[in-house]
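Notes follow the structure.
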Amino acid sequence: MNTTTAASNPRSLLTSTRLTTLRACPRRHYLRYELGLARVRQEAARRFGSAYHHGMERRNGGVSLVDVTTEARAGYATCPDWAEPTDWAVECETLAQLLAGYFWRYENDNLEVLAAERSFEIPLTNPDSGKPSRAFLLAGKIDAIVKLPDGRLAVLEYKTAGEDISSDSEYWLRLRCDGQISLYVIAARAMGFDVATVLYDVTRKPTIRLRQHETPEQYGKRLLDDIGERPDFYYARREVPRLEDDLAEYRAEVWQQAQQLLEVRRRADRLGDPSRAWFRNAGRFTCSYCDFAQVCLNGIRVAPGTSIPSGYQILTDVNPELERQGA
Ligand code: SF4
């Protein structure tokens with residue numbers, strides 16, 4: 001099967017992840033969002049994040065801890081051929097125990113969930129003229145909109161992290177400049193929710209590991225004990241406010257990125273090999289986290305009409321995470 005191009009969509013969706021990908025490496029953006037190339041096998045970090053996220057979604061829907069963890073474990077019932085069975089079982093235990101810890105930690109958080117898993121597609125407007133873009137829409141999915149105990153409305157955003165999330169860590173400093181949060185505030189207001197702030201909810205992945213002669217179940221028990229002893233290591237929730245100035249800055253930035261994207265597309269159309277318009281940003285901090293390193297760094301050319309590399313697929317929807325319900 002040959003590749004085609006996903007850029008023919010009359011109005012492409014600009015999600016926060018897409019914009020981040022474009023900034024990190026235009027070639028990666030080309031492969032993922034213009035061609036729709038994706039790995040067949042989901043990598044561990046993304047798989048775990050999705051499963052944890054699903055547990056949060058079920059909690060917001062009023063599902064009990066027992067049912068949420070039973071469902072989480074069911075997702076790991078069959079170990080695929082390509083996975084190592086012990087690693088697979090440890091990942092299952094980690095997921096179940098972090099979910100259990102979360103339910104315990106936030107049992108009495110007094111948040112009222114007003115909406116959950118809301119996909120959106122809203123106009124991208126020129127910040128000077130106010131006119132909507134004919135090429136792009138802004139899109140995304142908000143984890144939840146909640147009413148805080150003091151009555152204010154907030155966008156609730158869940159994340160799992162593999163780094164320090166203590167109150168003085170850089171994690172929180174970076175969020176002050178995070179575009180995704182600005183986008184979600186803009187989108188929530190466009191959907192009719194007068195949100196005042198963002199409640200950022202982070203779960204840190206464990207740093208303790210399976211010991212020699214320990215079973216995955218024993219590891220899970222030890223992890224749950226550790227969560228009970230130092231919950232602040234694993235869970236953190238903080239308000240990350242957004243000022244009108246932040247939102248205006250975001251609108252200007254995203255418009256500028258959209259113009260750059262159009263310019264690269266125009267150049268790509270004029271070249272025999274369109275991938276050349278999307279230059280590489282090869283570096284340790286870009287390529288090490290790239291799904292396409294195997295293809296790109298080995299010089300395997302992927303463009304419309306070339307065959308799909310082994311281990312990859314072409315997505316018919318380049319934003320499957322949006323699942324258009326609730327748009
Ligand atoms: S391997 Fe590096 S240069 Fe190539 S697409 Fe990925 S991030 Fe870009």
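Read the numbers this way: they start at 1 and go in the same order the structure lists the ligands and their atoms. Everything quoted here is computed from the prediction, not taken from an experiment. Side-chain atoms are counted along with the backbone in the values below, which use heavy atoms only and exclude waters and symmetry mates. For this chain, numbers begin at 1 and follow the sequence in order.
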Does R265 reach the side chain of W278, with side-chain heavy atoms less than 4.5 Å apart?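 Heavy-atom side-chain distance check passes, below 4.5 Å.
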Could you tell me if R59 sits above the aromatic ring of F103, with its cationic atom closer than 6.0 Å to the ring centre and no more than 45 degrees from the axis?
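The answer is yes; both the distance and angle limits are met.
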Worksheet entry | Lys/Arg cation over aromatic Y219: R222, 6.0 Å, 45° cone |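 Cation-pi check for R222 and Y219: fails.
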Tell me which protein heavy atom sits closest to [atom], plus the residue, atom name and distance to 0.1 Å.
atom                    : answer
atom 4 (Fe) of ligand 1 : C296 SG, 2.3 Å
atom 3 (S) of ligand 1  : R280 CB, 3.6 Å
atom 6 (Fe) of ligand 1 : C290 SG, 2.4 Å
atom 2 (Fe) of ligand 1 : C287 SG, 2.4 Å
atom 1 (S) of ligand 1  : A293 CA, 3.6 Å

Taking atom CD of E170 as the centre, does the number of heavy atoms from other residues, nucleotides or ligands within less than 6.0 Å exceed 12?
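At most 12 heavy atoms, drawn from other residues, nucleotides or ligands, come within 6.0 Å of this atom.
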R189 bridged to E244 by N-O distance under 4.0 Å =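 Salt bridge: yes.
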Report task. Could you pull out, from R28, R32, R284, the option with a heavy atom nearest to atom 5 (S) of ligand 1? Result ->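 Going through R28, R32, R284 one by one, R28 has the nearest heavy atom to atom 5 (S) of ligand 1.
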I'd like to know: is atom 4 (Fe) of ligand 1 within the 2.8 Å range of an N/O/S atom from C25, strictly under that distance?
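Short answer: no, not a single N, O or S atom is under the cut-off.
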Polar side-chain atom of D246 near backbone of L243 as donor-acceptor pair, under 3.5 Å:
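At least one qualifying donor-acceptor pair exists.
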